[in-house]
Each structure stands twice: as structure tokens, then as C-alpha cells.
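Encoded as C-alpha cells, the structure appears first; notes follow it.
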Amino acid sequence: MPRTLEGQITMEKTPSYFVTREAPARISAMSKDTKLIVVVRDPVTRAISDYTQTLSKRPDIPTFESLTFRNRTTGLIDTSWSAVQIGIYAKHLEHWLRHFPIGQMLFVSGERLIRDPAGELGRVQDFLGLKRVITDKHFYFNKTKGFPCLKKAEGSSKPHCLGKTKGRTHPEIDRDVVRKLREFYRPFNLKFYQMTGRDFGWDG
């Protein structure tokens, strides 16, 4: 990575950091002043999205329903399945709070990032101590993707949207499975809201 010059901010994006046990200690050892931005979304939607991504690469994988449960009859959720485990945000956050104060962390709502990208990015700019440059005028909503897109990419006159792997149609999941997953996540979500001081509204 090139040296950061005066007045510049170095950014690095790796989604797996948040769920990797060794990451908080390593990042803290590198720089205790690091600011951390974590984008989260409804863990049930996240699990289905994770499954959809895997399914596109390996169409022969078992059904979402069969992977979700350790025991379907008793409704015991299989927390060893990564698609389920990643969404237990409170558990992952506990590891980070051993090394970083909550004030150095910003939690961005994935849902609000879609509904109000400029508003959520306004929070990011404030958190990083930057002047608010990104506003509503930088975005338009792409109905095909179901996501907001940038009106033009940096150094280009063309609009920029998320890649073809984003915005895939999710498979139809048994309503009872979704309900059981929501019940499973509810206590973890409530704990996460308390820890972050933000209600993400996933339990409505």
C-alpha cells in the first residue's frame, strides 16, 4: 500500500475482518487509532443472500432449509453454518470491543444505504472528519438492480452500479424457516442494538 500523505486517509475494505477472531488484535497492534466502519443488514436477509451467492457458483448445494437446521423437527438452528454464524453480530462485536472503544466504530445500516445512500454516507463522512461532499445529487435509483447507483464514476462520465453479483433475486424460502430464523436472531439483535446504541429495526 502506498504511503499516506498529510491530509489523506488510507482505507482498506475486507468484509471478513469483522468475523475473523484474530483481526481485532492484529489491527490494534498495527494502529490503535484505526477507525472502523461496519456495514450490517438484517441477518436473515444476509443469510439468504449468502446462500444465493453460493448457489450461483454451486447449484448442487443442499436447500437453504436443510442447511439452516441442525435438527428440523426441534427447530435447532445450525450455528456452525457460516451463513447463519456471520449474522450473530453481537458475538463478533464483543471481540472488537476488547481492543477498540465503541467511539472508534461506525455501524452503517445496509437497508438505509439502499433507501437513503446520501444520508448514510453523510454519517460516514462526519465519522471520518470529512467535509460532506457526497449528497443526493450523486445518486439515482436503478429499478432493475434494486440499488442506488452513482450518477458517474470517478474519472468517467458514465454511471456506475454495483457488479452483476449484486441484486440477484433470492430463492423462495419456506416462511416457517424465516420465522424460526427471526426468533433465533432476535435476542442477538437486541443485544447488538444496545451495544451500538442504534436500533436497526430488523425485528419488526
message: Do Leu76 and Leu181 sit in one hydrophobic cluster, given that two such residues count as connected whenever their side-chain heavy atoms are within less than 4.5 Å of each other, even indirectly?
response: no

message: Between His138 and Thr135 (side chain of the first, backbone of the second, donor and acceptor by atom type, cut-off under 3.5 Å), is there such a pair?
response: yes

- request: Identify the two heavy atoms, one from Asp42 and one from Trp202, that lie closest to each other, and give their separation to 0.1 Å.
  value: N-NE1, 3.1 Å

Lys/Arg-Asp/Glu bridge criterion (N-O < 4.0 Å) met for Asp176, Arg179: yes

query: Hey, is the main chain of Met105 close enough, under 3.5 Å, to the side chain of Lys35 for a donor-acceptor pair?
result: no

message: Ignoring hydrogens, what is the shortest heavy-atom contact between Ala47 and Ala83? Give both atom names and the distance.
response: CB-O, 3.4 Å

query: Would Thr14 and Glu12 count as having a side-chain donor-acceptor pair, cut-off 3.5 Å?
result: yes

query: Would you say the side-chain atoms of Glu111 pair up with the backbone N or O of Gly201, donor to acceptor, closer than 3.5 Å?
result: no

message: Under 4.0 Å between a side-chain nitrogen and a carboxylate oxygen: does that hold for Asp203 and Arg182?
response: no

- request: Please check if Tyr17 and Leu97 belong to a single hydrophobic cluster, counting links between Ile, Leu, Val, Met, Phe, Trp and Tyr side chain heavy atoms closer than 4.5 Å.
  value: yes

message: Strictly distance-based, threshold 3.5 Å: is any side-chain N or O of Ser66 a donor or acceptor partner for the main-chain N or O of Pro62?
response: no

task: Inspect the contact between Arg46 and Asp50 and indicate whether a charged nitrogen and a carboxylate oxygen are less than 4.0 angstrom apart.
output: yes

- request: State plainly whether the residues Lys191 and Glu94 are in salt-bridge range, i.e. N to O under 4.0 Å.
  value: yes

query: Same cluster or not: are Ile48 and Ile88 linked, directly or through other Ile, Leu, Val, Met, Phe, Trp or Tyr residues, by side-chain heavy atoms under 4.5 angstrom apart?
result: yes

message: Are His95 and Arg21 packed together at the side-chain level, in the sense that at least one heavy-atom pair is separated by less than 4.5 angstrom?
response: yes

Verdict with reasoning, Asp78 to Arg72, per salt bridge (Lys or Arg N to Asp or Glu O under 4.0 Å): CA-CA 10 Å; Asp78 188 353; Arg72 180 80 195 254; over 6 Å; no

field: Parallel, tilted or perpendicular: rings of Trp96 and Phe18 (30°, 60°)
entry: parallel

message: Under the criterion side chain to side chain contact (heavy atoms under 4.5 Å, CB included), I'd like the reasoning laid out for Ser28 against Arg98: C-alpha separation, chi angles, the key distance, then a yes or no.
response: CA-CA 10 Å; Ser28 175; Arg98 289 186 199 126; over 6 Å; no

task: Would you indicate whether the side-chain heavy atoms of Thr68 and Ile77 approach each other to under 4.5 Å?
output: yes

query: Without hydrogens or angle criteria, can the side chains of Ser31 and Asp33 be said to hold a donor-acceptor pair below 3.5 Å?
result: no

Which atom of Arg132 lies closest to which atom of Asp126, heavy atoms considered: NH2-OD2, 2.6 Å

Heavy-atom side-chain contact between Phe184 and Val84 under 4.5 Å: yes

query: Has Glu172 got more than 12 heavy atoms of other residues, nucleotides or ligands less than 6.0 Å from its CD?
result: no

- request: Report yes or no: does Gln125 contribute a side-chain atom to a donor-acceptor pair with the main-chain N or O of Leu121 at less than 3.5 Å?
  value: yes

- request: Would you give the length of the straight line joining atom CG of Leu106 to atom CD of Gln104, rounded to the nearest 0.5 angstrom?
  value: 12.5 Å

- request: Compare all side-chain heavy atoms of Asn189 with those of Pro43 and state whether any distance is below 4.5 angstrom.
  value: yes

query: Do Ile86 and Ile173 sit in the same hydrophobic cluster, where Ile, Leu, Val, Met, Phe, Trp and Tyr count as joined when their side-chain heavy atoms come under 4.5 Å apart?
result: no

task: Side-chain contact test, heavy atoms from C-beta onward, threshold under 4.5 Å: evaluate it for Leu150 versus Phe139 and give yes or no.
output: yes

field: Centroid-centroid distance, Phe64 to Trp81, less than 6.0 Å
entry: yes

field: Under-4.0 Å salt bridge between Glu120 and Arg198
entry: yes

field: Full working for side chain to side chain contact (heavy atoms under 4.5 Å, CB included) between Val39 and Phe107
entry: CA-CA 6 Å; Val39 182; Phe107 296 88; over 6 Å; no

message: Side-chain heavy atoms nearer than 4.5 Å, only ILVMFWY residues, links allowed to pass through others: does that put Tyr193 and Tyr89 together?
response: yes

- prompt: Between Val108 and Ile37, is any pair of side-chain heavy atoms under 4.5 Å apart?
  reply: yes

Min side-chain heavy-atom separation Phe192-Val40 under 4.5 Å: yes

message: Given 3.5 Å as the limit, does a donor-acceptor pair link the side chain of His99 with the main chain of Ala29, or not?
response: no

query: Is any side-chain heavy atom of Leu128 closer than 4.5 Å to a side-chain heavy atom of Ile9?
result: yes

field: side-chain hydrogen bond (donor to acceptor under 3.5 Å, both in side chains) between Thr52 and Ser49, intermediate numbers included
entry: CA-CA 5 Å; Thr52 307; Ser49 180; 5.8 Å; no

task: List the atom of Gly119, the atom of Asp116, and the distance in Å for their closest heavy-atom pair.
output: N-OD1, 3.0 Å

